[in-house]
Amino acid sequence: MNRKHFLSTLLTTGVGVTTLSSFTGSGLSIFPADKPEHSNPPYLQPGDVIGITCPAGYIKREDIQPAIRILESWNFRVRIGKTVGARDFTFGGTDEERRADLQQMLDDKKIKAIMCARGGYGTARIIDQLDFTHFKSHPKWVIGFSDITVLHCHISRHFGISSLHSKMCNSFPDDFSKAEPIVQDTIMSIYQALTGKKMKYSAPADSRNRLGQARGILTGGNLSIIQGMSGTDSEIETNGKILFLEETGEYLYNLDRLLGTLQRSHKLDNLAGLIIGGFNKIKPDDPGEEFGRTVYDMVMEKVKKFRYPVCFNFPVGHQKNNYALKCGAMHTLNVTRDGVTLQE
């Protein structure tokens, strides 16, 4: 897995509009008839409680202190889960400990948002044992990215409830006042999203972008995780949606395989639009085994027969410019010669 990149500007005249009707003739619809409409959990108010838990990798208790300080400075209260500081090899506790901790936070009506302390690996090991009955009746924001893509896709698929793809506790700076502006900005985007601000993002123009306008529900996350959920009860749904992808630490040939799986499983067929974020820390080819294609080449090869807009270098992924995105919320994507905007 791996992630990276950023956006900026407004729609110019002469740019085509892509909707699901371009492919089905049925107009812009977001869900098949048997799926619920999407809705946002209640936005947070001063004094609300944010729970911190580790459904995947482990983290030391001291390593979440910067996040706690910032969350409390936003006038939220923090509830630390039992898995923070727990460890079972690479995991934040055993499967049962991680399941029970997340389950308790899903069920607790006093907790209004759940921030995952870090990614790593492990959410897929517990997702099928979670009971979302109380969560459906009392939805709350689930926050994280990377391995937490499992939760974003599962919640969207089954319950039509928005969640927040964003930095986690392990990305909060020790001293916010001394952090780089981009780090401050991305951390503040979490607060803005959780408190109900209508979000807007921008990215610079790229000659390899495919121009156009799209409107649809935003979905996506880490490419490896999305591919790993194919054929499961958490499989991503993409029809009529704006899909964003990010990745980190993969070989080019494996990125091609992952993107090819999306193509072969028809996840790219009926998109409203496609956003490519950070594809970072790409591993070098072995000498004499050069792959010979870039990420741009691979993406455009997979979507060449479709007409929806495509943009590169969006600010999402395993990188400093990783902004909070509301998965499940309706967005408008504009890809123009002058730049890119994504907004609610």
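Everything numeric here is computed off the predicted structure, so don't read it as measured data.
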Do V150 and I225 come close enough that some side-chain heavy atom pair is under 4.5 Å? yes
Hey, is the main chain of F306 close enough, under 3.5 Å, to the side chain of R210 for a donor-acceptor pair? yes
To check you understand the geometry: which heavy-atom pair defines the closest contact between V78 and E72, and what is its length? CG2-CG, 4.1 Å
If you measure from CE on M115 to CD1 on I52, what distance do you get to the nearest 0.5 Å? 7.0 Å
Distance (rounded to the nearest 0.5 Å) between D107 CG and S137 OG: 10.5 Å
The test is salt bridge (Lys or Arg N to Asp or Glu O under 4.0 Å); show your working for E344 and K200 and say whether it passes. CA-CA 7 Å; E344 284 188 88; K200 182 177 181 179; over 6 Å; no
Please check if the side chain of D147 supplies one atom and the backbone of T123 the other of a donor-acceptor pair under 3.5 Å. yes
Could you check whether any side-chain N or O of R98 sits under 3.5 Å from a backbone N or O of G93, counting only pairs where one atom can act as donor and the other as acceptor? yes
May I have the step-by-step check of side-chain hydrogen bond (donor to acceptor under 3.5 Å, both in side chains) for S156 and H38, ending in yes or no? CA-CA 8 Å; S156 177; H38 261 76; 2.9 Å; yes
Going by atom types only, do D338 and T336 share a side-chain donor-acceptor pair under 3.5 Å? no
Would you call the rings of F132 and F159 parallel, tilted or perpendicular if under 30° counts as parallel and over 60° as perpendicular? tilted
G273 and L333 have their tightest heavy-atom pair at CA-CD2, 4.4 Å
Would you say that more than 12 heavy atoms from the other residues, nucleotides or ligands in this model lie under 6.0 Å from the NZ of K302, or not? yes
Derivation and outcome, side chain to side chain contact (heavy atoms under 4.5 Å, CB included), residues K320 and E180: CA-CA 9 Å; K320 291 180 180 178; E180 295 177 54; 2.3 Å; yes
Side-chain ion pair, D63 and R118, N-O less than 4.0 Å: no
Would you call the rings of Y251 and Y253 parallel, tilted or perpendicular, taking 30° and 60° as the class edges? parallel
So L44 and W141, do their side chains get closer than 4.5 Å, heavy atoms only? yes
Measuring from R125:CZ to Q129:CD, what's the distance to the nearest 0.5 Å? 9.5 Å
Closest approach of P309 and A272, non-hydrogen atoms and distance? CD-O, 3.4 Å
Under 3.5 Å: donor-acceptor pair, side chain of N322, backbone of G317: yes
Report yes if the side chains of R215 and M330 come closer than 4.5 Å at any heavy-atom pair, otherwise no. yes
Parallel, tilted or perpendicular: which fits the ring planes of Y201 and Y323, with parallel below 30° and perpendicular above 60°? perpendicular
Any donor-acceptor N/O pair, T149 side chain to N222 backbone, under 3.5 Å: yes
For S230 and S265, run side-chain hydrogen bond (donor to acceptor under 3.5 Å, both in side chains): C-alpha distance rounded to whole Å, both residues' side-chain angles, the deciding distance at 0.1 Å, then the answer. CA-CA 8 Å; S230 181; S265 59; 5.0 Å; no
Short side-chain to backbone donor-acceptor contact, K140 and L106, under 3.5 Å: yes
Can you give me the closest heavy-atom contact between I127 and S234, atom names plus distance? CG1-OG, 3.9 Å
So do S224 and Q227 actually touch side chain to side chain, heavy atoms under 4.5 Å? no
With no hydrogens and no angle check, do the side chains of T133 and D131 hold a donor and an acceptor under 3.5 Å apart? yes
One pair to check against side chain to side chain contact (heavy atoms under 4.5 Å, CB included): I50 and I111. What are the steps and the verdict? CA-CA 6 Å; I50 297 177; I111 294 178; over 6 Å; no
Could you tell me if the side chain of T332 sits less than 4.5 Å from the side chain of Q213, heavy atoms only? yes
T186 versus K167, side-chain donor and acceptor atoms under 3.5 Å: yes
Just by modelled atom types, is the G47 backbone N or O under 3.5 Å from a matching donor or acceptor in the R77 side chain? yes
Are the side chain of T238 and the backbone N or O of K267 linked by a donor-acceptor pair below 3.5 Å? yes
I need the minimum non-hydrogen distance between T83 and C54, along with the two atoms involved. OG1-N, 3.0 Å
Taking the six-membered ring for Trp, are Y296 and F312 closer than 6.0 Å centroid to centroid? yes
Please check: side-chain N/O of Q103 versus main-chain N/O of A100, any donor-acceptor pairing under 3.5 Å? no
Enter the distance from I276:CD1 to L245:CG here, rounded to the nearest 0.5 Å. 4.5 Å
I would like to know whether I242 and L271 meet side chain to side chain contact (heavy atoms under 4.5 Å, CB included); could you show each step before the answer? CA-CA 6 Å; I242 298 172; L271 297 180; over 6 Å; no
What heavy-atom pair brings N209 and A205 nearest, and what distance separates the two atoms? ND2-C, 4.3 Å
Testing L211, V310, I275 one by one against V335 for a side-chain contact (heavy atoms from CB on, under 4.5 Å), which residue passes? L211
Check this for me: does any side-chain nitrogen of one of E250 and K281 sit under 4.0 Å from a carboxylate oxygen of the other? no
Can you confirm if the aromatic rings of F145 and H152 lie within a centre distance of less than 6.0 Å? no
Please lay out, stage by stage, how S162 and N40 fare under the test side-chain hydrogen bond (donor to acceptor under 3.5 Å, both in side chains). CA-CA 5 Å; S162 299; N40 293 330; 2.7 Å; yes
Under 4.0 Å between a side-chain nitrogen and a carboxylate oxygen: does that hold for K110 and D108? no
Measure the CG-CG distance between L259 and D297 for me, rounded to the nearest 0.5 Å. 11.5 Å
Answer whether the closest heavy-atom distance between the side chains of F135 and L130 falls below 4.5 Å. no
Other residues, nucleotides and ligands only: do more than 12 of their heavy atoms fall within 6.0 Å of CD on E289? no
Do D101 and K82 meet the salt-bridge criterion of a basic N to acidic O distance under 4.0 Å? no
Heavy-atom distance under 4.5 Å between the side chains of L325 and S166, does that happen here? no
Does the H138 side chain pair with the main chain of K136, one donor and one acceptor, at a distance under 3.5 Å? no
Which label fits W74 and F172: parallel for a plane angle under 30°, tilted from 30 to 60°, or perpendicular past 60°? tilted
Would a hydrophobic clustering, with Ile, Leu, Val, Met, Phe, Trp and Tyr connected at side-chain separations under 4.5 Å, put Y58 with I114? no
Roughly how far, to the nearest 0.5 Å, is the CD1 atom of I143 from the CE atom of M168? 11.0 Å
Given H154 and L151, is the side chain to side chain contact (heavy atoms under 4.5 Å, CB included) satisfied, shown in steps? CA-CA 5 Å; H154 190 89; L151 287 170; 5.7 Å; no
Contact check, side chains of D174 and P66, non-hydrogen atoms, under 4.5 Å: yes
Stacked cation flag R69 on F176, 6.0 angstrom / 45 deg: no
